[in-house]
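Read through the structure below, which is laid out as structure tokens, and then see the notes.
Everything numeric here is computed off the predicted structure, so don't read it as measured data.
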Amino acid sequence: MDVIINGERRDLAPHTTVAAVVDSLTETTTGIAVAVNDEVVPKASWADTEVTENDRVDVLTAVQGG
């Protein structure tokens, strides 16, 4: 199925979860926020939230610095 992840169209297997998408993008486990179709998905729901055809997923990581 086609989805858009951080602005790029990607092909994912059906039933792919938000957690799997995050794992495919980063090894970081903290400071990450995810939105699916502009709605924030709480971290506690990542493993249970499936991405569906044409969803737009934005994965954001916090950056420190000055």
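- Contacts of T49 classified as side-chain contact (heavy atoms from CB on, under 4.5 Å), with partners at least two apart in sequence or in another chain: V18, V41, S45.
- Checked against side-chain hydrogen bond (donor to acceptor under 3.5 Å, both in side chains), R10 has no partners two or more places apart in sequence or in another chain.
- Remark: T52 pairs with D55 by the side-chain hydrogen bond (donor to acceptor under 3.5 Å, both in side chains) rule, at least two apart or across chains.
- Partner V57 forms a side-chain contact (heavy atoms from CB on, under 4.5 Å) with one of V34, V22, N6 and no other, that one being V34.
- Contact of the V21 side chain with the I5 side chain is registered, since non-hydrogen atoms from C-beta on lie closer than 4.5 Å.
- A 4.5 Å side-chain heavy-atom check between E53 and D2 finds at least one atom pair inside the cut-off.
- For residues 42-52, no pair satisfies salt bridge (Lys or Arg N to Asp or Glu O under 4.0 Å), with sequence neighbours left out.
- Here D38 pairs with R56 under the salt bridge (Lys or Arg N to Asp or Glu O under 4.0 Å) rule; sequence neighbours left out.
- Residues V51 and M1 share a closest heavy-atom pair of O-CE, 3.1 Å.
- Within the 4.5 Å cutoff, no side-chain heavy atoms of W46 are placed close to those of D23.
- Residues satisfying the side-chain hydrogen bond (donor to acceptor under 3.5 Å, both in side chains) criterion with T28, sequence neighbours excluded, are T26.
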